[in-house]
Asker: 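The following block contains the structure, expressed as structure tokens.
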Amino acid sequence: MIAPKALMQLAIDKAREGIEAGQSPFGCAIARGDDLIAVSHNTVVATTDVTAHAEVNALRLGCKTTGQIHLEGCVVATTCEPCPMCMAALHWARVETVYFGASIADADSAGFNELQVPAAEVLKIGGSKVALVSGVLSAECRDLFQRWLQRSDRVVY
């Protein structure tokens, strides 16, 4: 199994690539056992698609890679706490565990238009069985916001 911190580092590295490409500072990686099935970053600006969050992009790639719409047995590392849309998509994909680093409050502090609905609340209200684990490489994930804020070409949505 790919360790959560190693998986998160892949998500962080992908988020850095996204920042360099003019995208916002979010990355996501998905693994099943020892197999890495998807790594993606946010492409909202590049695609003019408000649903192109890192988690959604990674889910799309993971489903295409596996040929399955359900990613049972998969673990996810995402650099920021999933928004309600992404948490719902992760639930519908039937992933096992979601690890995250930065919080919704961290994203809000960086200027993102976050809904103040914690991912844990989405899971609780929805009766989801997805496990949610916070604080994985959180300082490194918060640093992504600082890198992004230093860019003059950043777009806030």
Side-chain angles (χ1 to χ4, degrees), residues 1-21 23-47 49-108 112 114-145 148:
M1 178 178 147
I2 299 174
K5 285 184 179 179
L7 194 61
M8 184 64 79
Q9 188 60 56
L10 293 170
I12 290 167
D13 293 344
K14 187 56 83 169
R16 287 180 182 151
E17 285 179 31
I19 293 167
E20 292 305 312
Q23 300 304 298
S24 54
F26 302 95
C28 182
I30 303 175
R32 182 181 281 147
D34 292 332
D35 298 324
L36 180 65
I37 64 169
V39 183
S40 194
H41 62 77
N42 185 300
T43 59
V44 167
V45 175
T47 61
D49 177 355
V50 296
T51 69
H53 290 196
E55 298 91 339
V56 171
N57 288 340
L59 285 169
R60 288 173 179 153
L61 180 57
C63 289
K64 185 175 181 178
T65 298
T66 63
Q68 302 170 335
I69 61 168
H70 296 132
L71 299 177
E72 293 160 324
C74 286
V75 295
V76 175
T78 184
T79 59
C80 189
E81 182 176 356
C83 72
M85 174 186 70
C86 291
M87 196 66 255
L90 291 161
H91 162 79
W92 288 321
R94 299 182 185 173
V95 301
E96 184 176 294
T97 304
V98 176
Y99 298 93
F100 70 90
S103 69
I104 287 174
D106 295 324
D108 186 56
F112 288 90
E114 295 299 316
L115 291 172
Q116 298 300 312
V117 180
E121 280 298 304
V122 172
L123 295 175
K124 180 181 172 187
I125 291 168
S128 181
K129 295 178 184 176
V130 175
L132 187 65
V133 180
S134 64
V136 178
L137 299 181
S138 56
E140 294 88 337
C141 292
R142 283 191 302 271
D143 181 61
L144 294 168
F145 293 118
W148 179 77

Asker: Return each pair, listed once, that meets salt bridge (Lys or Arg N to Asp or Glu O under 4.0 Å) where at least one residue sits in residues 27-42; pairs must be two or more places apart or across chains.
Answerer: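 Qualifying pairs, neighbours excluded: none.
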Asker: With salt bridge (Lys or Arg N to Asp or Glu O under 4.0 Å) as the rule and sequence neighbours excluded, what pairs involving residues 122-136 come up?
Answerer: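 Qualifying pairs: none.
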Asker: Could you walk me through whether Val56 and Cys86 pass the side chain to side chain contact (heavy atoms under 4.5 Å, CB included) test, one step at a time?
Answerer: CA-CA 6 Å; Val56 171; Cys86 291; 4.0 Å; yes
Asker: So how far is it from Ile30 CD1 to Ile2 CD1, rounded to the nearest 0.5 Å?
Answerer: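 So the CD1 of Ile30 and the CD1 of Ile2 are separated by 11.5 Å.
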Asker: With sequence neighbours excluded, what pairs up with Ala77 under the side-chain contact (heavy atoms from CB on, under 4.5 Å) test?
Answerer: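 Once residues adjacent in sequence are excluded, the partners of Ala77 under the side-chain contact (heavy atoms from CB on, under 4.5 Å) criterion are Leu7, Met8.
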Asker: If we only count heavy atoms from C-beta on, is the Val98 to Pro82 side-chain gap below 4.5 Å?
Answerer: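 Counting from C-beta outward, Val98 and Pro82 do come under 4.5 Å.
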Asker: Ignoring hydrogens, what is the shortest heavy-atom contact between Ser103 and Cys80? Give both atom names and the distance.
Answerer: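 For Ser103 versus Cys80, the nearest heavy atoms are O-SG, 3.5 Å.
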Asker: Before you tell me yes or no, could you show the steps for Ile104 and Cys83 under side chain to side chain contact (heavy atoms under 4.5 Å, CB included), namely the whole-Å CA-CA distance, both residues' side-chain angles and the distance that decides it to 0.1 Å?
Answerer: CA-CA 8 Å; Ile104 287 174; Cys83 72; over 6 Å; no
Asker: Would you mind listing every salt bridge (Lys or Arg N to Asp or Glu O under 4.0 Å) that reaches into residues 87-100, with sequence neighbours excluded?
Answerer: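 Non-adjacent pairs meeting salt bridge (Lys or Arg N to Asp or Glu O under 4.0 Å): Glu72-Arg94.
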Asker: Going by the rule side-chain contact (heavy atoms from CB on, under 4.5 Å), which residues pair with Leu123 if we only count those two or more places apart in sequence or in a different chain?
Answerer: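 So Leu123 forms a side-chain contact (heavy atoms from CB on, under 4.5 Å) with Met87, Ser128, Val130, Leu132.
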Asker: Output all residues satisfying side-chain contact (heavy atoms from CB on, under 4.5 Å) with Cys63, sequence neighbours left out; order by chain, then residue number.
Answerer: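 Checked Cys63 against side-chain contact (heavy atoms from CB on, under 4.5 Å); matches are Leu71.
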Asker: Please enumerate all residues that pass side-chain contact (heavy atoms from CB on, under 4.5 Å) together with Ala52, with sequence neighbours excluded.
Answerer: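 Partners of Ala52 under the side-chain contact (heavy atoms from CB on, under 4.5 Å) test: Thr43, Val44, Thr47, Asp49, Asn57.
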Asker: Who passes salt bridge (Lys or Arg N to Asp or Glu O under 4.0 Å) against Arg16, sequence neighbours left out?
Answerer: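 If we apply the salt bridge (Lys or Arg N to Asp or Glu O under 4.0 Å) test to Arg16, skipping adjacent residues, the hits are Asp13.
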Asker: Taking all non-hydrogen atoms of both residues into account, name the closest pair between Leu10 and Val39 and its distance.
Answerer: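 Here Leu10 and Val39 meet closest at O-CG1, 3.8 Å.
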Asker: Quick one: does Thr79's side chain have a donor or acceptor within less than 3.5 Å of a partner on Ile12's backbone?
Answerer: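 Between the backbone of Ile12 and the side chain of Thr79 there is no qualifying donor-acceptor contact (under 3.5 Å).
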Asker: Just jot down the salt bridge (Lys or Arg N to Asp or Glu O under 4.0 Å) partners of Asp143, sequence neighbours excluded, or say none.
Answerer: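 For Asp143 the salt bridge (Lys or Arg N to Asp or Glu O under 4.0 Å) partners, ignoring immediate neighbours, are Arg147.
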Asker: To the nearest 0.5 Å, what is the distance between CE (Met85) and CG (Leu115)?
Answerer: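 Answer for the CE-CG pair, Met85 versus Leu115, is 10.0 Å.
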Asker: Quick one: pull up CD1 in Ile19 and CG in Asn42 and give me the separation to the nearest 0.5 Å.
Answerer: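 Between atom CD1 of Ile19 and atom CG of Asn42 there are 10.0 Å.
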Asker: Residues in side chain to side chain donor-acceptor pair (under 3.5 Å) with Glu17, at least two apart?
Answerer: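 If we apply the side chain to side chain donor-acceptor pair (under 3.5 Å) test to Glu17, skipping adjacent residues, the hits are Lys14.
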Asker: What pairs with Phe145 under ring pair (Phe, Tyr, Trp, His ring centres under 6.0 Å), at least two apart in sequence or on another chain?
Answerer: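 Phe145 satisfies ring pair (Phe, Tyr, Trp, His ring centres under 6.0 Å) with Phe26 only.
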Asker: Could you tell me which residues satisfy salt bridge (Lys or Arg N to Asp or Glu O under 4.0 Å) with Glu20, sequence neighbours excluded, listed by chain and number?
Answerer: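 Once residues adjacent in sequence are excluded, the partners of Glu20 under the salt bridge (Lys or Arg N to Asp or Glu O under 4.0 Å) criterion are Arg151.
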Asker: Where the side chain of Glu81 meets the backbone of Pro118, is there a donor-acceptor pair that is under 3.5 Å apart?
Answerer: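 No: the side chain of Glu81 does not pair with the backbone of Pro118.
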Asker: Please report the shortest heavy-atom distance between Cys28 and Ala58, naming the atom on each side.
Answerer: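 Scanning both residues, the minimum pair turns out to be SG-CB, 3.8 Å.
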